[in-house]
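In what follows, a structure is listed as structure tokens, so that the remarks can point back to it.
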2 protein chains.
Amino acid sequence: MTAIAGVDPRTASPLPRVAQASTPERVDKLARSAAAAAEALEAVGRHNRADLLDTLADAVEDRRAELIDIASWETGFGEAKLHGELTRACYQIRFFADVLREGSYLEATIDLAADTPMGPRPDLRRLLVPIGPVAVFGASNFPFAFSVLGGDTASALAAGSPVIVKAHDSHPATSKLSFEILAGAARSSRQAPEGILGIVYGRQAGADLVAHSAIRAVGFTGSLSGGKALLDIISQRDDPIPFYGELSSLNPVIITPRAAAERGEAIGAGLVASFTLGAGQLCTKPGLVLIPNNADGDRLIGSIRAALQDVTAQTLLNERIYTTYTEETTHLRHHRDVTTFDTAHRSHPTGFFVDAFVFETDITHLDEGLIHEIFGPATVLVRYDAGAPEAAAASALQTLPHSLTATIHHGSGETDLTHRLTAVARPTAGRIVYNGFPTGVAVSWAQTHGGPWPSTNSRHTSVGATAIRRFLRPLTYQDAPEAVLPTELRDDYHRIPRRTNGTLHIPGR
Amino acid sequence: MTAIAGVDPRTASPLPRVAQASTPERVDKLARSAAAAAEALEAVGRHNRADLLDTLADAVEDRRAELIDIASWETGFGEAKLHGELTRACYQIRFFADVLREGSYLEATIDLAADTPMGPRPDLRRLLVPIGPVAVFGASNFPFAFSVLGGDTASALAAGSPVIVKAHDSHPATSKLSFEILAGAARSSRQAPEGILGIVYGRQAGADLVAHSAIRAVGFTGSLSGGKALLDIISQRDDPIPFYGELSSLNPVIITPRAAAERGEAIGAGLVASFTLGAGQLCTKPGLVLIPNNADGDRLIGSIRAALQDVTAQTLLNERIYTTYTEETTHLRHHRDVTTFDTAHRSHPTGFFVDAFVFETDITHLDEGLIHEIFGPATVLVRYDAGAPEAAAASALQTLPHSLTATIHHGSGETDLTHRLTAVARPTAGRIVYNGFPTGVAVSWAQTHGGPWPSTNSRHTSVGATAIRRFLRPLTYQDAPEAVLPTELRDDYHRIPRRTNGTLHIPGR
């Protein structure tokens, strides 16, 4: 049996053993328990599940200090980032409770029996029901908000689907404590059936989980290669299941000539803050920046260089990320068409400490060596002919792999250009940011965190209200007796938004 | 080059050549044209696309006589079935025009900039946008409603996604004429950009289409083996794309003891009408019927036998379906645990004419030889201990592959039993029918035509309003200038249902 333990990124020394790798028997037992619990979790009902989510968030808040402590140890992230992330995780759990109570997510729809041009229509009543047990893979870079306590867990439980988490190998102790808090709170609440939460450790256990017949969907935030490996497992299953993967994203930023002229310094400083946030290990890190090749662009780059000097050395999350980052930045530093700027701190005696890097090149040199995601505090500045920003954006965005986000910094009087740049950016991303930075993903009703492949493998978001849709499927009752209908589909129920004979009705109005 | 031609099912003789199999170059040209047309089709706007759909439906109606004529020739279906199906196809196209005008499908959502417990939130505005070119595979059994003129084409065009149809080899002339009508109407309308419609012929062209990088989704109604072959192609792509496949469905029917006692004769007659409709080549054909093993059940089966005598011989759609049906019914007729009833007409000198069959067995004999879908006018009656209907349903539904539908015939005073049978049926199907038959799928807002694998590979319906969701993806604008926002996301727009800061608003109320 393989022991599961983290590594302190500040020293590269191993941390105490957390668990043993989960055996196939253990995975099987958890998956069966989850399947057995699915009906009961749905039967608990929307309002009780909402209360359960609030209970879970309260329990997490109660153990905040411990969670921050252990995550700091395992990830090397600063306490401010970790506090912010835990606040986010709790907010997100409670947000899904609100989504449940509001009830639109059910898409309750009634077509009463009627004659139609197609002939007589029976009484049809539709709503969304839980998909069944979900495997959730914790992410390395968000030990709280995209891991055991994260959005996939919260939205799947909200949907009424049991969850089995695969703990990330980089923070197994954080995962274990997170899980124990959730499982303990669930046990002591009255709303949670047995078996709705499980956790497994180790890569093979993750693979076994995805292959297990009881698992009905996979939520994954991680690398493109890791995602593809899980997709291969799914394609071997008797029944393909949906894979909601967030995989890889360059998040290009386009800076128009006017934006550079009007706000070059602020943009430069903002960019450095954005691409070094979380040591550049954010899925929304701006990895490529199109900057006009003129004096305004030069000044903007000057402000980037200046801001870079204030960036202190940061640790990366694990040895694999550290090694890859070192290799890739070394490659770019020796690339003949690339100019390198870096921080002045070059001495890191221990651990996974690295410097931030900014690489500069010309758009005529954009090629496959430059256009892949680098996980860590590095970004690539690409200079373009200031007379042709739209052509530059079109050329770059058609060459680049698609992303979660695209960002446009525009200036005054550039409405037409901004419109055209938006048209160029739209097919390539799930969120378009104007005069801001892509890092920082608000949890809200209108958020989209999901874009075209390879940024995700989904036509849904993994952040925000509609993330719940990933773990639901439609079910229609035809001519059902009132007594067997879910409450929300009965004639006299009017407490949620509901469509009847094609017309949407809102409660109390 | 392979010539594409249908076969007359009544005589098995080949029909005139319709086309050549499409070359890889042709597929590539169409896919590129579709990709080039995607932006323009979206830019046309909801209301113009709705008008376009109405124009298409009108054009189809204008050519009704020709379409019926040619489809009758190629499919062997009776004129009544074909007229009904064409009415359905036109109704469906116009229905999606209504869905567009109503506008809820956009899921327009606005979160205004605000302070939140997570910190400041930017202005976020979300709606669904078209996914891009869609490959639609026509089905053998619905030459209109699930082929070139069908729901996949209508919902994809409604979404704003160009469509390339793969004509089904069983009705290439119907497909060609259908396509020419659509393409001609689109050309002569002002709303349709060039390139939004294409058609390809031949199996290899279908495979090439699914592999083409410009194609963003696949809509498929066909066999499980055909669907799996396309899934294999998708798993070889650089970018996996969604596959919306409707593949295989047994559609079990559960008849409770009271239902058999109270309405046995009517149920028997209704069952025969349902499983022989369209020569039993419907995806919602009831393929397995649980009947109590008592005198009421015997009487019900007596009425099935009686009704069966009035069923005339019907043709199947093509040689493959004919051969498979003949082999599978022969196998069951010689199965030692199976009793066979059939029609009295055994002499079919030409073509793909077949008899209807009913097979009877006991639930203790349910095994893999009995539990797969038989495409054609046959069904399997499974007798169960009348004292244990719930156990019988649970045992059968847990053994059977999942289906599009499950049907429960219940009697008076069986509320509790109906409730429990519903709980058994729910995880196994996308639509639950009470005291009716699964054939006949209304086009409406509340319809679900889609269930767990292997009935479909989708968490969506392929019939009804929300079928459009398959061809859309979410996009969020962050802090966008008003001028670049889609109309439906601007501050002063209030003509569709829209959510602002979490609250849903309906126009004019």
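Labels below follow one simple rule: chain letters A, B, ... track the order of the sequence lines, proteins then strands, and each chain is numbered from 1.
For Val443(A), the parts lying under 4.5 angstrom from a heavy atom of chain B are both the backbone and the side chain. Looking at Thr116(A), only its side chain comes within 4.5 Å of chain B, counting heavy atoms on both sides. Residue contact with chain B, scored on non-hydrogen atoms closer than 4.5 Å, involves the backbone of Asp238(A) exclusively. Asp239(A) touches chain B through backbone and side chain together, each having a heavy atom under 4.5 Å away. With a 4.5 Å cut-off on non-hydrogen atoms, Glu42(B) touches chain A through its side chain but not through its backbone. Using a 4.5 Å cut-off between heavy atoms, Gln92(A) makes no contact with chain B at all. Contacts between Leu231(A) and chain B at a heavy-atom distance below 4.5 Å involve the side chain alone, from C-beta outward.
Annotation: side chain of Pro474(A) is not in contact with side chain of Thr466(B) (no heavy-atom distance under 4.5 Å).
Between Tyr244(B) and Phe471(B), the two ring planes are perpendicular [angle over 60°; tilted spans 30° to 60°].
The pair Glu102(A)-Arg499(B) counts as a salt bridge, with a side-chain nitrogen and a carboxylate oxygen less than 4.0 angstrom apart. Salt bridge absent: Arg126(B) and Asp111(B) never bring a charged side-chain N and a carboxylate O closer than 4.0 Å.
Side-chain atoms of Asn251(A) and Ser403(A) include no donor-acceptor pair closer than 3.5 Å. Checked by atom type, the side-chain pair Arg431(A)/Thr284(A) shows no donor-acceptor distance below 3.5 Å.
When the candidates Gly119(A), Pro481(A), Ser235(A), Gly450(A) are compared by the number of heavy-atom contacts under 4.5 Å with chain B, Pro481(A) comes out ahead. Contact tally against chain A (heavy-atom pairs below 4.5 Å) for Ala480(B), Ala423(B), Ala483(B), Gly84(B): the top residue is Ala480(B).
Among Thr422(B), Thr418(B), Thr415(B), the single residue meeting the side-chain contact (heavy atoms from CB on, under 4.5 Å) criterion with His410(B) is Thr418(B).
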